Amino acid sequence: MSKEKPSIPKGTRDFGPAVVVKRNYIFNTIKRTFEKFGYLPLETPAMEQLSVLTGKYGDEGDQLLFKILNSGDFLSKTKPEDLEQGYKNITRKVAEKGLRYDLTVPFARFVVMNRNEITFPFKRYQIQPVWRADRPQKGRYREFYQCDADVVGTNSLLCEAEIVQMINEVLTALGLTDFTIKINHRGILAGIAEAIGEKGREGDICVVIDKLDKIGAEGVRKELLERGISESAVAKLEPLYTLEGTNEQLLEQLQSILGETAEGQRGLADLREVWQYLSKLNSQALTASNASGIPRLMLDVTLARGLSYYTGCIFEVKVNNVSMGSISGGGRYDNLTGMFGMPGVSGVGFSFGVDRIYDVLEELMLFPDSSQVGTKVLLVQFDKDSEFYALPVLQQLRDAGIAAELYPEPAKLKKQMGYADQKSIPYVILIGSEEMASGKLKLRDMQLGEQQDLTIEEIISLLIK
RNA sequence: GUGGUUGUAGCUCAGUAGGUUAGAGCACCAGAUUGUGAUUCUGGGGGUCGUGGGUUCGAGCCCCAUCUUCCACCCCA
């Protein structure tokens with residue numbers, strides 16, 4: 001009989017108490033902001049029908065879906081000859097459900113299913129784990145949380161402006177000061193494609209441009225040529241990588257580059273409107289700037305984002321001076337629910353990467369002490385008498401809203417004190433024969449190492465501060 | 001999915017050319033100190049060296065497979 005060593009599946013993690021407390025601090029900060037902007041929570045099942053999920057993320061995405069084996073006799077629908085047609089054919093027959101791959105598609109499914117009950121514009125946020133059968137790497141897991149906020153059923157660019165506001169508010173509340181919100185517009189990218197003589201190729205161009213940070217101008221050049229973009233078009237594109245100036249100057253330069261392209265003009269007009277909204281909102285994103293004087297909100301024509309369903313404004317957020325990719329991103333999509341037969345619903349949404357934000361806050365040591373929760377006071381007992389004496393005291397403390405616990409057995413004092421020390425419990429109350437006789441309990445401040453004899457009322461008023 | 005990398009005590013890691021009984025620090029337990037924690041001192045428990053095969057007189061070390069870790073690519077949060 002071999003004793004099996006326990007383990008967890010590849011790419012998954014346990015979160016210990018200290019980590020959960022810090023993660024909740026991030027989640028709560030995000031929730032508070034979402035709700036302040038009128039977004040309400042939504043939860044959808046961990047599993048969806050496979051038919052809802054497949055075909056929504058491209059061939060690559062379909063490969064990364066976790067499928068759930070049908071219960072019972074999962075082979076009942078398969079025939080021996082199915083085997084010969086390969087695994088994909090079998091998969092369809094033995095698995096009808098899958099774990100959700102993101103929160104956006106389940107949201108679209110929800111909107112379509114509940115179109116008659118929903119009042120548009122519909123604003124929802126969703127904080128739940130998603131699963132991908134990707135190969136894990138640092139900062140990439142098979143189970144991870146997404147924090148999405150989307151609004152559907154309105155074309156108003158106020159939504160885009162409010163997204164900028166929410167990003168700014170959340171990151172500021174988390175103590176971050178040096179970050180950049182990059183914004184761009186798919187129309188501008190399409191306009192650029194047209195202006196350089198590659199109309200309609202903005203999809204390819206976006207995918208490649210998105211890698212500019214990573215592979216550099218040379219790498220982008222090579223890959224664009226590989227994808228069949230002409231030499232002259234690439235040459236016209238390259239000056240755009242290094243455009244400089246204020247946001248207003250950038251818009252001016254783009255105006256002349258994009259000329260009469262309809263898509264380009266649409267993009268410019270949208271961005272101008274977003275700026276207008278932000279300025280009326282007195283947005284801090286417009287006034288704040290990072291250490292090198294770059295405005296917090298920055299138009300970046302090289303921002304592309306790989307996802308193909310974006311059609312309008314796109315966002316990405318980078319914390320400066322830390323080695324970490326974007327911690328938030330999103331954009332407008334015109335036809336998310338179209339895939340479920342409900343066309344013409346425009347929406348805009350974005351998402352925070354909690355795991356990455358966690359790492360950034362850890363690196364910059366921005367988790368406040370107040371985000372630590374825990375027992376405030378430990379009651380130490382010596383025997384049955386002191387245990388019974390301590391019980392009503394314990395209840396009194398809890399009734400007063402003080403996190404209190406009684407060590408559950410009359411262990412050696414050294415052990416009980418050690419427990420308090422280990423759990424960083426700041427106060428200990430000793431209840432022994434002397435204390436029971438006098439009614440004055442011994443309160444020990446673990447940090448100062450001082451102790452005093454006090455009544456329970458005195459202790460409560462002291463701890464409640 | 002492609003190429004590479006990693007695995008030794010609860011944790012972080014040593015382990016020399018393949019050669020007796022696999023080590024250290026931290027952590028844990030006990031005692032010094034029967035009513036006082038993070039310091040100090042003394043002692044103690046704990047490893048089938050990721051797993052399964054193979055080569056060898058002999059394997060933690062070499063070979064194969066597998067799982068895991070991390071990295072680059074693909075893609076993405």
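Below, chains carry the letters A, B, ... as their sequence lines are ordered, and counting in each starts from 1. The basis for the numbers below is simple: all heavy atoms, side chains too, and nothing from hydrogens, waters or symmetry mates. Bear in mind that the values here come from a model prediction, so they are computed numbers and not experimental data.
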Closest of B:C29, B:A77, B:G37 to the A:Arg132 side chain is B:A77
Item to complete: Answer yes or no: is there a side-chain heavy-atom contact under 4.5 Å between A:Thr29 and A:Phe352?
Response: no
Taken to the nearest 0.5 Å, the spacing of A:Leu103 CG from A:Tyr145 OH works out to 11.0 Å
- Could you tell me whether A:Lys423 contacts a base, only the sugar-phosphate backbone, or nothing, with contacts defined as non-hydrogen atoms closer than 4.0 Å? nothing
- Counting any heavy atom closer than 4.0 Å, what does A:Gln137 reach on the DNA or RNA strands: base, sugar-phosphate only, or nothing? base
Per atom distances to the A:Ser433 side chain, the nearest of B:G35, B:U36, B:A72 is B:G35
Using atom P in both nucleotides, what's the gap between B:U6 and B:U42 to the nearest angstrom? 39 Å
Testing B:G37, B:G35, B:A77 for proximity to the side chain of A:Phe144, the answer is B:A77
The nucleotide from B:C74, B:G35, B:G3 with an atom nearest the side chain of A:Arg140 is B:C74
* **Side chains of A:Thr44 and A:Phe107 in contact at under 4.5 Å (non-hydrogen atoms)** => no
**Request:** Run the salt-bridge test on A:Glu263 and A:Lys199 with the 4.0 Å N-O cut-off and return the result as yes or no.
**Result:** no
query: Expressed as a whole number of Å, how far does the P atom of B:A27 sit from that of B:A38?
result: 10 Å
So A:Gln63, base contact, sugar-phosphate only, or nothing? Heavy-atom distance under 4.0 Å. nothing
Among B:C75, B:U36, B:G37, the one nearest any side-chain atom of A:Lys442 is B:U36
Note to self: Over all strands shown, is A:Tyr141 touching base, sugar-phosphate only, or nothing at heavy-atom distances under 4.0 angstrom?
What the structure shows: base
Between A:Val301 and A:Asn184 the two heavy atoms that sit nearest each other are O-ND2, 3.2 Å
ask   = Looking only at side-chain N and O atoms, does A:Lys414 come under 4.0 Å of OP1 or OP2 in B:U36?
value = no
Annotated structure of RNA chain B as dot-bracket, pair cut-off 3.5 Å, Watson-Crick or G-U only, | for inter-strand, is ((((..(..((((.....[...)))).(((((.......))))).....(((((..]....))))))..))))....
Would you measure the distance from the P atom in B:G58 across to the matching atom in B:G19 and give it in whole Å?
15 Å
Side-chain contact check for A:Arg135: nearest option of B:C75, B:A72, B:G37 is B:A72
| message | Does A:Gly330 reach a base, just sugar-phosphate, or nothing at all? Heavy atoms under 4.0 Å. | response | nothing
Is any side-chain nitrogen or oxygen of A:Lys415 closer than 4.0 Å to OP1 or OP2 of B:U36? no
Q) So, does the side chain of A:Glu435 form a donor-acceptor pair with the base of B:G35 at under 3.5 Å? A) yes
Looking only at B:A38, B:C75, B:G35, the nucleotide nearest the A:Leu413 side chain is B:G35
Taking the P atom of each, how far is B:G46 from B:C29, in whole Å? 16 Å
Residues at least two apart in sequence or cross-chain that pass side-chain hydrogen bond (donor to acceptor under 3.5 Å, both in side chains) with A:Gln165, listed by chain then number, are A:Ser283
Discussion item. OP1 or OP2 of B:C28 versus the side-chain N and O atoms of A:Gln422: is any pair under 4.0 Å?
Written reply: yes
* Quick check: does any side chain N or O of A:Asp62 sit under 3.5 Å from a backbone N or O of A:Gly55, one acting as donor and the other as acceptor? -> yes
_Just to be sure I understand the rule, does A:Gly432 reach a base, reach only the sugar-phosphate, or reach nothing, if contact means heavy atoms closer than 4.0 Å?_
base
**Side-chain N or O of A:Lys412 closer than 4.0 Å to phosphate OP1/OP2 of B:G31** = yes
Any idea how A:Tyr407 and A:Tyr419 line up, ring-wise: parallel (<30°), tilted (30 to 60°), or perpendicular (>60°)?
perpendicular
Worksheet item: So, is A:Gln451 near the phosphate of B:U36, with a side-chain N or O under 4.0 Å from OP1 or OP2?
Response: no
Distance check, C1' atoms only: B:C57 and B:U20, in whole angstrom units. 15 Å
A:Phe34 and A:Tyr125 aromatic centres sub-6.0 Å: yes
Q.
Is it the case that B:G37 (base atoms only) and A:Arg444 (side chain only) share a donor and an acceptor within less than 3.5 Å, ignoring hydrogens and angles?
A. yes
Give one of base, sugar-phosphate or nothing for A:Gly449, where a contact means two heavy atoms less than 4.0 Å apart.
base
